[in-house]
Amino acid sequence: MTDIYLYNTLSRQKEKFAPVSEGRVGIYVCGPTVYNHSHIGHGKSYVSFDAIIRFFRFVGYKVLYVQNITDVGHLTDNADEGDDKIEKEAKRDRMNPMEIVETFMRSYFEDMDRLGVIRPDISPRATGHIVEQIELARKLIERGYAYEAAGNVYFDVSKFPDYGKLSGKKVEDLVAGARIDVRSDKRNPADFALWKKAEAGHIMRWPSPWGDGFPGWHLECSTMSMKYLGDSFDIHGGGLDNQFPHHECEIAQSEAATGKPFVRYWIHNNMVTVNGTKMSKSLGNFVTLKDAFKKFDPITVRFFILQSHYRSPLDYSDEAVEGAGKGLDRLKNVIRELRGLAGDKRVAVDFAHLPDEPINLRRYYGDWLAAMADDFNTPGAIAALFEMLKDVNSAIGSGGVLNADSASLIYSFILTLAGDVLGIVRSDDRAESGRNIESSLINLLINLRLDARKNRDFKLADSIRSELQNMGVVLEDKKDGTTTFKVVR
RNA sequence: GGCGACGUACCCAAGUGGUAAGGGAGAGGUCUGCAAAACCUUUAUGCGGCGGUUCGAAUCCGCCCGUCGCCUCCA
């Protein structure tokens with residue numbers, strides 16, 4: 001199997017991937033808190049992990065992908081005070097918190113589907129795992145890592161010397177910071193909540209050994225990841241902003257409870273800025289995916305995201321996405337040409353035995369694979385595909401070099417690497433070549449225009465062309481005298 | 001204040017010691033009735049600045065400048 005190297009936040013260097021269990025990958029990625037529509041930052045995160053997971057599957061791993069839905073327990077201000085975000089929305093809209101959760105969870109999946117993100121194998125919800133979370137908190141108290149105080153349960157950071165190993169932070173530095181709640185019933189200011197007592201009026205609450213309450217902010221991910229992937233698993237991913245405190249706390253809770261290493265590889269994707277500044281509601285530059293989809297094809301947004309590396313920050317701007325879209329059009333054009341030459345026939349591609357004639361697929365695949373296997377370098381992989389496009393276009397342009405079999409192989413090659421793995425083209429897109437009535441009508445107009453051109457009635461011919469263009473149908477006259485069309489947005 | 005990341009052409013963006021991928025935009029050309037698409041040529045002696053290590057640095061080290069993130073929920 002291809003060796004994969006990935007950057008492990010824990011060691012701050014690239015490491016060769018070695019799974020816990022031969023041939024299998026267990027991966028957990030922190031999912032969204034569903035109290036609002038997803039934004040472009042969620043898009044980057046989940047598209048990046050989607051490409052990573054598709055690549056693992058492509059090289060032959062059996063992947064189990066778990067991504068939670070946080071539907072409880074986030075507070076607006078800090079660890080111990082403030083409102084639950086979901087409840088805040090619910091109160092404002094006079095809805096049950098679960099209605100808010102349901103609404104935005106559906107919205108999230110809808111956006112992800114449009115981005116071509118393959119759904120996780122398991123999407124566990126925090127509210128569905130309250131019993132397990134209470135159990136984990138209880139176990140931590142038993143083992144001396146946590147304590148109860150007035151209906152709250154806190155993790156005692158001083159009992160876990162490794163606290164800080166992921167983020168590089170020292171407890172002393174944290175304590176030295178100004179933002180500590182002196183009146184708290186914590187033993188140490190750096191301790192974090194495993195379970196919070198529900199005050200009167202708090203809607204989302206569950207009975208526990210410590211009275212009515214709700215789970216702390218980090219507990220769900222430890223609980224659910226270990227439940228479905230085991231006490232020690234391969235990869236845990238998430239946004240860079242979650243590195244501290246969230247992931248740090250997960251490690252502490254999990255390793256204290258089991259006595260085993262929690263996660264082998266931590267992967268963190270970088271953040272999105274908009275026109276150079278951080279997205280925030282107060283700045284008014286918050287771009288939701290639904291906003292972006294009004295301007296751009298979702299797959300173009302996906303392509304834009306994958307054109308930069310997951311560990312690089314991504315600056316979102318209309319200009320940049322437009323530029324990406326034009327590049328993507330080139331790829332789509334080639335696929336359309338090949339589909340025609342191949343008679344729409346997709347064949348199985350043997351990546352171990354690729355030809356170097358008439359197109360050097362072996363070389364381009366080598367470049368593509370090397371890029372992807374080197375910490376999932378999607379920009380490099382895309383560059384390899386674009387270098388190939390030049391070759392393919394030259395071959396098509398020179399006429400007759402590509403026979404149907406070659407075209408079919410190249411067509412299938414591109415659909416696999418660009419479609420199945422990167423997801424930047426739709427592998428099953430038949431919209432333009434179908435036998436539907438629109439196609440028939442367009443072909444009728446094309447024939448009328450060909451007649452007009454034969455009669456040198458260019459005024460009529462150009463009129464047909466421009467009218468069709470206004471409807472989003474672009475005509476292309478071929479050297480052999482035929483005319484093809486493509487549908488653009 | 002503490003911790004960390006980044007700064008590559010007009011824009012986006014790969015590249016972690018061997019002499020600057022790829023995409024967009026621009027310029028010239030081929031093809032075309034004209035377009036569109038495509039192809040060819042072209043656009044960074046230089047990778048924020050200044051030093052240093054080295055035969056050799058965008059790549060390593062130091063300092064400075066700038067941007068961003070985390071240290072409070074956040075992908």
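What's counted below: heavy atoms across the whole structure, side chains too, no hydrogens, waters or symmetry copies. Only a predicted model underlies this, so the values are computations on that prediction, with no experimental measurement involved.
Residue A/Tyr310 is tested with A/Asn377, A/Asn269, A/Asn270, A/Asp375 for a side-chain hydrogen bond (donor to acceptor under 3.5 Å, both in side chains); the sole match is A/Asp375. Between A/Phe376 and the options A/Tyr5, A/Tyr7, A/Phe56, A/Tyr265, a ring pair (Phe, Tyr, Trp, His ring centres under 6.0 Å) holds for only A/Phe56.
No engagement by A/His268 is indicated, since no non-hydrogen atom pair under 4.0 Å with the nucleic acid exists. When heavy atoms are screened at a 4.0 angstrom cut-off, A/Leu475 is found touching base atoms of the nucleic acid. As judged by a 4.0 angstrom heavy-atom cut-off over every strand, A/Arg465 is placed among the base-contacting residues. A/Phe49 comes within 4.0 angstrom of no nucleic acid atom, judged by non-hydrogen atoms across all strands. Residue A/Asn333 is classed as a sugar-phosphate contact, given heavy-atom separations below 4.0 Å to backbone atoms only. If you check every strand for non-hydrogen atoms under 4.0 Å, A/Phe458 touches a base. Using a 4.0 Å heavy-atom distance criterion, A/Lys44 is classed as making no nucleic acid contact. If you check every strand for non-hydrogen atoms under 4.0 Å, A/Gln243 touches nothing. When heavy atoms are screened at a 4.0 angstrom cut-off, A/Lys478 is found touching no nucleic acid atom at all. Nucleic acid contact for A/Val272: base, since at least one base atom lies under 4.0 Å from a heavy atom of the residue. Within 4.0 Å of A/Arg311, counting heavy atoms only, lies no atom of the nucleic acid at all. Within 4.0 Å (heavy atoms only), A/Ser312 reaches sugar-phosphate atoms of the nucleic acid but no base atom. Among the atoms of the strands shown, only primed sugar atoms or phosphate atoms (P, OP1, OP2) are found under 4.0 Å from some heavy atom of A/Gly238. Residue A/Asp462 is in base contact, counting any heavy-atom pair closer than 4.0 Å across all strands shown.
Taking every side-chain heavy atom of A/Cys30 into account, B/A75 is the closest of B/C40, B/G23, B/A75. Counting only heavy atoms from C-beta on, A/Ser45 has its side chain closest to B/A75 among B/G24, B/A75, B/A13. Proximity note for A/Met271 (side chain, C-beta onward) versus B/G69, B/C12, B/A13: the nearest is B/G69. Residue A/Leu314 has its side chain nearest to B/A13 when only B/A25, B/A13, B/C40 are considered. Each of B/G24, B/C70, B/G22 was ranked by its minimum atom distance to the side chain of A/Lys169; first place goes to B/C70. Nearest nucleotide to the side chain of A/Glu387, out of B/C12, B/A75, B/A21: B/A21. With B/A75, B/G33, B/G23 as the choices, the nucleotide that has an atom nearest any side-chain atom of A/Arg453 turns out to be B/G33. Here the nucleotide nearest the side chain of A/Thr33, chosen from B/A75, B/G33, B/C39, is B/A75.
Nucleotide B/G51 forms a Watson-Crick or G-U wobble pair with B/C61, both donor-acceptor distances falling under 3.5 Å. When Watson-Crick and G-U wobble pairs are counted only if both distances are under 3.5 Å, B/A27 pairs with B/U41. Across all strands shown, B/U32 forms no Watson-Crick or G-U wobble pair with both distances under 3.5 Å. Applying the Watson-Crick and G-U wobble criteria (two distances, each under 3.5 Å), B/G4 pairs with B/C68. Nucleotide B/G17 is matched to nothing when pairs are restricted to Watson-Crick or G-U wobble geometry with both distances under 3.5 angstrom.
Rounded to whole Å, the distance from NE2 on A/His218 to C1' on B/U72 is 11 Å. In this structure, the NZ atom of A/Lys88 is 11 Å from the C1' atom of B/C73, given to the nearest Å. Remark: C1' of B/U72 and CG of A/Asp241 are 12 Å apart, rounded to the nearest angstrom. Between the CD1 atom of A/Ile446 and the C1' atom of B/A36 there is a distance of 13 Å, given to the nearest Å. Going from atom NE2 of A/His247 over to atom C1' of B/C71 covers 15 Å, rounded to whole Å. The distance between atom NE2 of A/His309 and atom P of B/U8, rounded to the nearest whole Å, is 17 Å. A/Gln307 places its CD atom 14 Å from the P atom of B/G15, with the value rounded to the nearest Å. Note: CG (A/Asp315) to P (B/G24) measures 20 Å, nearest angstrom.
Checked against the 6.0 Å centroid criterion, the rings of A/Phe233 and A/Phe262 qualify as a close aromatic pair.
As rounded to the nearest Å, B/U8 and B/G48 have P atoms that lie 6 Å from one another. Look at the P atom in both B/C60 and B/G17: the space between them is 8 Å, to the nearest Å. Nucleotides B/G22 and B/C74 have their C1' atoms positioned 33 Å apart, rounded to a whole Å. When the C1' atom is used for both B/A14 and B/G26, the distance is 22 Å, rounded to whole Å. Distance check on atom P: B/C61 versus B/A44 gives 30 Å, rounded to whole Å. The gap from the C1' atom of B/G66 to that of B/A75 amounts to 26 Å, rounded to the nearest Å. Nucleotides B/A20 and B/A13 place their C1' atoms 13 Å apart, quoted to the nearest Å.
Residue A/Ser308 is the one, among A/Asp391 and A/Ser308, whose nearest nucleotide of RNA chain B lies closer to the 5' end (criterion: closest heavy atom). Remark on RNA chain B: of its neighbouring residues A/Tyr46 and A/Arg449, the 5'-side contact belongs to A/Arg449, judged by nearest-heavy-atom nucleotide.
Evaluation of atom-type donor-acceptor distances gives no pair under 3.5 Å for the side chain of A/Arg12 against the base of B/G4.
Between the side chains of A/Asp315 and A/Ser317, no donor-acceptor pair is found at a separation under 3.5 Å. For the residue pair A/Ser38 and A/Lys290, no side-chain donor N or O sits within less than 3.5 Å of a side-chain acceptor on the partner. There is a side-chain donor-acceptor pair under 3.5 Å between A/Asn68 and A/Glu220. A/His129 and A/Thr223 form no side-chain donor-acceptor contact under 3.5 Å, judged by distance and modelled atom types alone.
Using a 4.0 Å cut-off, no side-chain N or O of A/Thr273 falls inside it from OP1 or OP2 of B/U67. In terms of phosphate contacts, A/Asn242 brings a side-chain nitrogen or oxygen within less than 4.0 Å of OP1 or OP2 of B/C74. Look at A/Asn270 and you won't find any side-chain N or O under 4.0 angstrom from OP1 or OP2 of B/A5.
Classification of the A/His268-A/His247 ring pair by plane angle, with boundaries at 30° and 60°, yields tilted.
For the pair A/Asp113 and A/Arg119, the salt-bridge criterion is met [side-chain N within less than 4.0 Å of a carboxylate O].
Residues A/Val34 and A/Ile100 form no side-chain contact, since every pair of their non-hydrogen atoms from C-beta on lies 4.5 Å or further apart.
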